[in-house]
Each structure stands twice: as C-alpha cells, then as structure tokens.
Peer 1: 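Sharing a structure, written as structure tokens. Questions coming.
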Amino acid sequence: MTQAADPMLEARRLMNGFRSYQLLVAACRLKLPDLVADGPRSASELAAATGTHAPSLRRALRGLAAWGVLVEDSDGRFRGTAISEVFRADRAGLRNMVTMLSGEGYAAWGEVLYTLRTGKPAFDHVFGMTRWEKMAEDPEDAADFNTAMVEISRRVGRNFVERYDFADARTVVDVGGGNGALLEAVLKARPQMSGILFDLAPGLAGAADRMRSAGLEARVELVEGSFFESIPSPADLYMLKSIVHDWEEPRAMDILRACRSAMGEGSRLVLLERTMPERIDDPDAALGAVMSDLHMMVVLGGRERTPAEYGELLAESGLRMTRHIPLDPEFGVVEAVTA
C-alpha cells in the first residue's frame with residue numbers, strides 16, 4: 001500500500017476490510033464478475049441469473065462499486081472493471097483463492113489474538129482440530145483448497161519453466177504435488193522428462209484424469225505416500241511447491257530429510273515458495289508474502305521464510321542451498337543439493 005493521499009479514507013478502508021472481503025466472497029460464489037464481463041447488467045437481470053433477491057443484490061452491487069470492483073452507470077446498470085476481471089471463474093486470477101480463504105481462515109482470523117498470546121494456530125483453537133483434519137472430513141472444503149492450489153501452481157509453473165535451468169534432468173518427483181498442475185507445466189515444457197506425482201490419496205484425486213487430458217499419462221507415475229516418511233527415488237529433480245511453508249522447523253526438517261534420503265549424487269531439490277523480505281521497505285511488494293506468512297501462523301502454524309532462513313533450514317536437514325531465483329514479486333525458487 002503506497003502512501004495514502006487521505007489517511008482517514010485509507011483508515012476507513014482498513015476498518016471495513018472484513019465487510020468488503022465477505023462482499024467479494026459472495027460476488028465470486030455468484031460469479032458476478034463473469035456475468036458483467038460482456039457488458040452492463042441491471043440488478044434485476046443479475047438477480048434473475050443468480051437466484052438472489054433483487055433489492056438486496058442491488059445494494060451489494062453498489063457496495064462492490066464503492067470498492068472499485070464494479071462501476072454503476074448513469075442508468076443504474078453495473079459493469080465490470082479491471083479488478084472484477086481478476087475474479088472471473090473462467091480464467092486464472094484470484095477467484096478460487098477468495099473462496100478457499102472464506103472457509104479456511106475467516107473464523108480463525110477472528111481469533112488472531114489467541115495466536116499472538118500463545119504462539120499456537122487459532123484455527124485449531126476455533127475448530128478443535130487441525131486444518132488438515134478438518135479438510136479431510138469436508139469434501140467441499142478440500143475441493144476449494146485444491147482448486148486454489150491449481151490456480152497458484154499454473155501461475156508459478158509458467159514462470160518456473162521459463163526461468164529455471166533444468167539442465168540434463170530426466171526424471172522429476174513432484175512432492176506433495178496434488179493433482180499435478182505444476183508437474184504438467186514442467187513436462188509440457190520439457191518433453192525429454194518423465195515424472196512421478198507423489199501425494200496422499202486425497203491429494204491425488206483427479207490427477208489421473210488431468211494427466212490423460214494433458215496427454216502425459218505415459219510419462220507420469222502416480223505414487224501414494226506421506227512426505228514425512230519416504231519419498232520415491234531415484235530422480236534427478238525433486239520439486240516441492242508451497243509445502244515447506246505449511247510447517248514449523250521440526251516438521252519442515254522431517255520433510256527435507258526425507259527428500260535428502262531419497263536424493264542421489266547429482267540430484268537437485270527445488271522449493272517453490274513465497275519469499276519473505278529481510279525488512280518491509282516496499283509495502284506493496286511485500287504484501288503477498290507477509291500476509292501469507294501471517295495466514296500460515298494463524299491457520300497452520302507454519303511460516304514464510306527469507307532466502308537466508310531457507311539456507312539455514314536446508315543446512316540443518318543435510319542439504320546445501322545453491323541459489324535463490326526470484327520468479328515474481330511473491331514466489332522464488334530455492335535450489336539445493338546434498339551437503
């Protein structure tokens with residue numbers, strides 16, 4: 001956030017953040033950004049298309065206009081903006097992340113003081129179970145999570161295959177890779193490579209269909225298992241995207257040590273994670289990583305890390321960090337080899 005021209009206005013925006021977020025969640029679930037993408041629509045038209053109460057929806061639409069998500073025309077119809085385009089359901093953006101966070105973290109964030117006082121995740125305090133336990137018993141929640149992760153993996157994967165030197169790697173293991181969005185991006189960009197998609201059974205849901213649709217079924221093996229126990233070997237490259245940040249040091253090192261045990265001479269490990277800055281000297285650039293770090297703290301007990309902190313974590317796990325490659329303002333690649 002840059003310096004505000006009107007501090008009181010910016011303060012009011014901060015104060016109303018919880019309201020604007022829930023308004024945005026409703027808009028995303030109703031797919032309002034998609035419905036106004038082709039031109040202005042009246043509140044009545046949008047209510048008919050979404051099965052909502054027209055007078056109430058009109059008030060919500062005006063709320064979205066006050067936040068710049070929509071524009072209200074002189075005739076009272078509502079049209080999309082560059083912001084609403086980011087939340088469309090039919091293209092990559094932030095829509096799936098918005099809907100996931102509404103179930104994953106909203107109630108937990110209401111108890112953020114619990115985390116600040118105890119150092120423990122507020123999520124466990126609110127729900128009486130861990131995030132992973134709750135997701136295991138809530139298929140809709142799990143679906144929202146997986147869809148959001150695919151959205152991120154596609155974006156990060158595009159940058160990864162453009163900027164990372166795969167050299168002569170022939171085999172790759174996507175550790176905790178879910179339904180394979182990242183692995184798909186890598187294998188499409190590197191026809192000489194084959195891959196192993198490794199995750200628990202619920203994480204692999206839909207993976208076989210994804211690989212078939214991408215024409216990659218002959219080049220991918222699906223393997224069920226826990227990255228806390230053992231990881232498939234041998235392979236030239238081990239990829240972990242948004243895995244290590246879920247865990248505090250002891251459990252994170254368990255994962256990295258399992259990778260170390262699987263790696264052979266010449267194997268490389270790459271962590272695709274958000275990169276924390278050493279200090280907040282550019283608030284706009286730091287926003288994504290900092291808020292994700294806080295979310296890890298409140299919901300999972302994990303954390304985002306600086307490149308130096310990843311180097312220390314890897315060293316404690318028997319690995320040696322070789323380089324850090326920024327991918328975008330949020331994500332980077334931390335590469336390591338056996339020590």
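Predicted, not measured: the structure shown is a model, and the values here were computed from it. Residues: numbered from 1 along the sequence shown. Just so it is clear, the values below take in all heavy atoms, side chains as well, and ignore hydrogens, waters and symmetry mates.
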Peer 1: Would you find more than 12 non-hydrogen atoms of other residues, nucleotides or ligands less than 6.0 Å from Gln192 atom CD?
Peer 2: yes
Peer 1: Is the closest basic N to carboxylate O distance between Asp138 and Lys134 below 4.0 Å?
Peer 2: yes
Peer 1: For the CD1 atom of Ile231 and the CD1 atom of Ile196, what is their distance to the nearest 0.5 Å?
Peer 2: 11.0 Å
Peer 1: Enter the distance from Leu216:CG to Leu187:CG here, rounded to the nearest 0.5 Å.
Peer 2: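 Rounded to the nearest 0.5 Å, the CG-CG separation comes out at 5.5 Å.
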Peer 1: Nearest heavy-atom pair of Ile243 and Val175: which atoms, and what distance?
Peer 2: CG1-O, 3.7 Å
Peer 1: Would you say Arg274 and Ser242 are linked by a side-chain donor-acceptor pair, where the criterion is simply a distance under 3.5 Å?
Peer 2: no
Peer 1: Assess whether atom CZ of Arg323 is packed by more than 12 heavy atoms of other residues, nucleotides or ligands within 6.0 Å.
Peer 2: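 Check passes, neighbour count above 12.
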Peer 1: So, taking the atom named OH in Tyr310 and the one named CD in Glu273, what distance separates them when rounded to the nearest 0.5 Å?
Peer 2: 3.5 Å
Peer 1: Flag this pair as yes if the NZ/CZ of Arg303 is under 6.0 angstrom from the six-membered ring centre of Trp247 and inside a 45 degree cone about the axis; otherwise no.
Peer 2: no
Peer 1: Would you say the side chains of Tyr164 and Arg268 form a donor-acceptor pair under 3.5 Å?
Peer 2: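 On atom types as modelled, these side chains qualify, holding a pair under 3.5 Å.
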Peer 1: Below 6.0 angstrom between ring centroids: does that apply to Tyr21 and Tyr106?
Peer 2: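 Judged by ring-centre distance (under 6.0 Å), Tyr21 and Tyr106 do meet the cut-off.
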Peer 1: Any chance the rings of Phe166 and Phe160 have centres within less than 6.0 Å?
Peer 2: yes
Peer 1: Can you tell me how far CG of Asp144 sits from CE of Met135, rounded to the nearest 0.5 angstrom?
Peer 2: 10.5 Å
Peer 1: Using side-chain heavy atoms (C-beta onward) and a distance below 4.5 Å, is Arg305 in contact with Glu312?
Peer 2: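 No - every pair of side-chain heavy atoms lies 4.5 Å or more apart.
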Peer 1: More than 12 heavy atoms of other residues, nucleotides or ligands under 6.0 Å from CE of Met15: is that the case?
Peer 2: yes
Peer 1: Counting heavy atoms not belonging to Asp38, are there more than 12 under 6.0 Å from its CG?
Peer 2: no
Peer 1: Any side-chain donor paired with an acceptor under 3.5 Å for His324 and Glu335?
Peer 2: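 No donor-acceptor contact under 3.5 Å links the two side chains.
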Peer 1: Can a side-chain donor-acceptor contact be found between Ser44 and Ser42 if the only test is distance below 3.5 angstrom?
Peer 2: no
Peer 1: Is Asp168 atom CG crowded by more than 12 heavy atoms from other residues, nucleotides or ligands, each under 6.0 Å away?
Peer 2: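 Not more than 12 within 6.0 Å, no.
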Peer 1: So, taking the atom named CD in Glu248 and the one named CE in Met253, what distance separates them when rounded to the nearest 0.5 Å?
Peer 2: 10.0 Å
Peer 1: Check this for me: Arg91, atom CZ, are more than 12 non-hydrogen atoms of other residues, nucleotides or ligands nearer than 6.0 Å?
Peer 2: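 Enclosed.
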Peer 1: Are Leu32 and Leu57 close enough that some pair of their side-chain heavy atoms sits under 4.5 Å apart?
Peer 2: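 Side chain of Leu32 against side chain of Leu57, heavy atoms only: contact under 4.5 Å found.
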Peer 1: Treating Asp293 as the side-chain partner and Glu304 as the backbone partner, does any N or O pair qualify as donor plus acceptor under 3.5 Å?
Peer 2: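 Side chain of Asp293 to backbone of Glu304, a donor-acceptor pair under 3.5 Å: yes, one is there.
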Peer 1: Please report the closest heavy-atom contact between Leu319 and Leu256, naming both atoms and the distance.
Peer 2: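 So the minimum-distance heavy-atom pair works out to CD1-O, 3.9 Å.
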Peer 1: With a 6.0 Å cut-off (strictly less than), is the heavy-atom count around CZ of Arg154, excluding the residue itself, greater than 12?
Peer 2: no
